[in-house]
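For reference, the structure discussed in these notes is given below.
What you see is a predicted model, and the numbers here were worked out from it, not measured in a lab. Letters A, B, ... mirror the listed sequences (proteins, then strands); counts begin at 1.
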Protein chains: 2
Amino acid sequence: MRVIKKETDYALRALFFIKNNGGHADVSKIYSNMDIPRPFLRRILQQLAHAKILLSKKGKHGGFKFLRPFEKITLARLNEIFDKRLPPGECPFKNKVCINYKTCVLKGKLSKLEEEIYKMFENILIKDLWM
Amino acid sequence: MRVIKKETDYALRALFFIKNNGGHADVSKIYSNMDIPRPFLRRILQQLAHAKILLSKKGKHGGFKFLRPFEKITLARLNEIFDKRLPPGECPFKNKVCINYKTCVLKGKLSKLEEEIYKMFENILIKDLWM
DNA sequence: GTGATATGATATCAAAAAAGTATCATTATT
DNA sequence: AATAATGATACTTTTTTGATATCATATCAC
Ligand code: FES
Ligand code: FES
């Protein structure tokens, strides 16, 4: 079972590096210190900036830093950047599975299950995954 | 996020059908009543038999029936047939991610997370997903 | 025992998702 | 204006999932 995907994992590591680098680093710095494919890392950092976890700055002496204190970032928050959640009650299978979509109760139960997993993730701070 | 895969879903439905069919059915019967690709369904039933959820019988008047009462079958039990669990403490990524496998604590935390999800699954009876 | 009928085992193929790459545009510093 | 960083985004490769096909084996009716 794959709990999180590699993007989430890489993000976790990159954030850890930034924290240890005084809260600021650029792609080159992170890349030269960790075994993450550079263009992939770049895209991940961009997504973190997009998600307002990091703040990016272009040009010389640019790079990434935390937009807000990292202590409160949860796994849920990080994970949903890279592993999109279904809208509640939506069928996780590209239809055609249930005979009747309208009367199907399973899709609700499955999305409730995802909900519960996310609740679990809400209680996990990424800083605790670093230790 | 994909909580269960299609195989698990199909298995769930097939078992539901068998239950409603008096606890016994063969592939043709199930196939003609549900929208599951026949050879795929066949393989899934074989796996259920292998996992001792169903008992199979070959030849004329053969088919599948529950080996034990279905009431106690959990989602955990069903899911792990189709979505193999990592051995505890094992890295979910094909190595090369952590600088030092031996000192990595993350892999343990991730496998603990899977553990917790499974605990959740242990408390879900498949019969409750049918209702 | 033989033929029909069901599953067992397993190899292969196709589609989708995840992982990884490449490129050009834009902005900040000097 | 030149340089050095990220932004945006399209593309390719690899892996996983979903689906198929085939032959072997067991059971039953006759
Ligand atoms: S409609 Fe998708 S599970 Fe029922
Ligand atoms: S070795 Fe895989 S997560 Fe650390």
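- Interatomic distance, L129(A) CG to I124(A) CD1, rounded to the nearest 0.5 Å: 6.5 Å.
- For the pair I4(B) CD1 and dT17(D) P, the interatomic distance rounds to 13 Å; values are reported in whole Å.
- Listed here is the closest heavy atom pair of I18(A) and F66(A): CG2-CE1, 3.8 Å.
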Q.
Is there a salt bridge (charged side-chain N to carboxylate O under 4.0 Å, His left out) between E122(B) and R77(B)? Walk through the geometry before answering.
A. CA-CA 7 Å; E122(B) 295 284 3; R77(B) 176 115 181 271; over 6 Å; no
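- Rounding to whole angstrom units, CD of residue Q47(A) and P of dA19(C) are separated by 12 Å.
- Using modelled atom types, one finds a donor on one side chain and an acceptor on the other under 3.5 Å when comparing R38(A) with S28(A).
- Here F17(B) and W130(B) keep their ring centres 6.0 angstrom or further from each other.
- Rounded to an integer number of Å, the gap from F93(A) CZ to dT17(D) C1' is 12 Å.
- For I36(A) and dT21(C), the CD1 to C1' distance is 16 Å, given to the nearest whole Å.
- Between F93(B) and C98(B), every side-chain heavy-atom pair lies at or beyond the 4.5 Å cut-off.
- Between Y10(A) and dA19(C) there is no side-chain polar atom (N or O) within less than 4.0 angstrom of OP1 or OP2.
- A cation-pi arrangement, defined by a distance under 6.0 Å to the six-membered ring centre and an angle within 45 degrees of its axis, is present between K107(B) and Y101(B).
- One finds a side-chain N or O of S56(A) lying less than 4.0 angstrom from the OP1 or OP2 phosphate oxygen of dG7(D).
- Here dA16(C) presents its C1' atom at 14 Å from CD of E7(B), a figure rounded to the nearest Å.
- Counted within 6.0 Å of NZ on K29(B), heavy atoms from surrounding residues, nucleotides or ligands total 12 or fewer; the atom is thus considered open.
- Residue Y31(B) contributes atom OH, which lies 12 Å from atom P of dA19(D) at whole-angstrom precision.
- A sub-4.0 Å separation between OP1 or OP2 of dG20(C) and a side-chain N or O of K6(A) is present.
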**Q.** nucleotides 22-30 of chain C: protein proximity per nucleotide (B base, S sugar-phosphate only, - neither; heavy atom, under 4.0 Å)
**A.** -B--BBBSS
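- Listed by residue number, the members of residues 73-83 of chain B with any heavy atom below 4.0 angstrom from DNA chain C form an empty set.
- D26(B) and Y31(B) are not linked by any side-chain donor-acceptor pair at a separation below 3.5 angstrom, with hydrogens and angles left out of the test.
- Taking atom CG of residue D35(A) and atom C1' of nucleotide dG20(C), one finds them 13 Å apart after rounding to whole Å.
- A close approach under 4.0 Å does occur between a side-chain nitrogen or oxygen of K5(A) and OP1 or OP2 of dA18(C).
- Atom-to-atom, CD1 of I30(A) to C1' of dA5(D) comes out at 13 Å; the value is rounded to the nearest Å.
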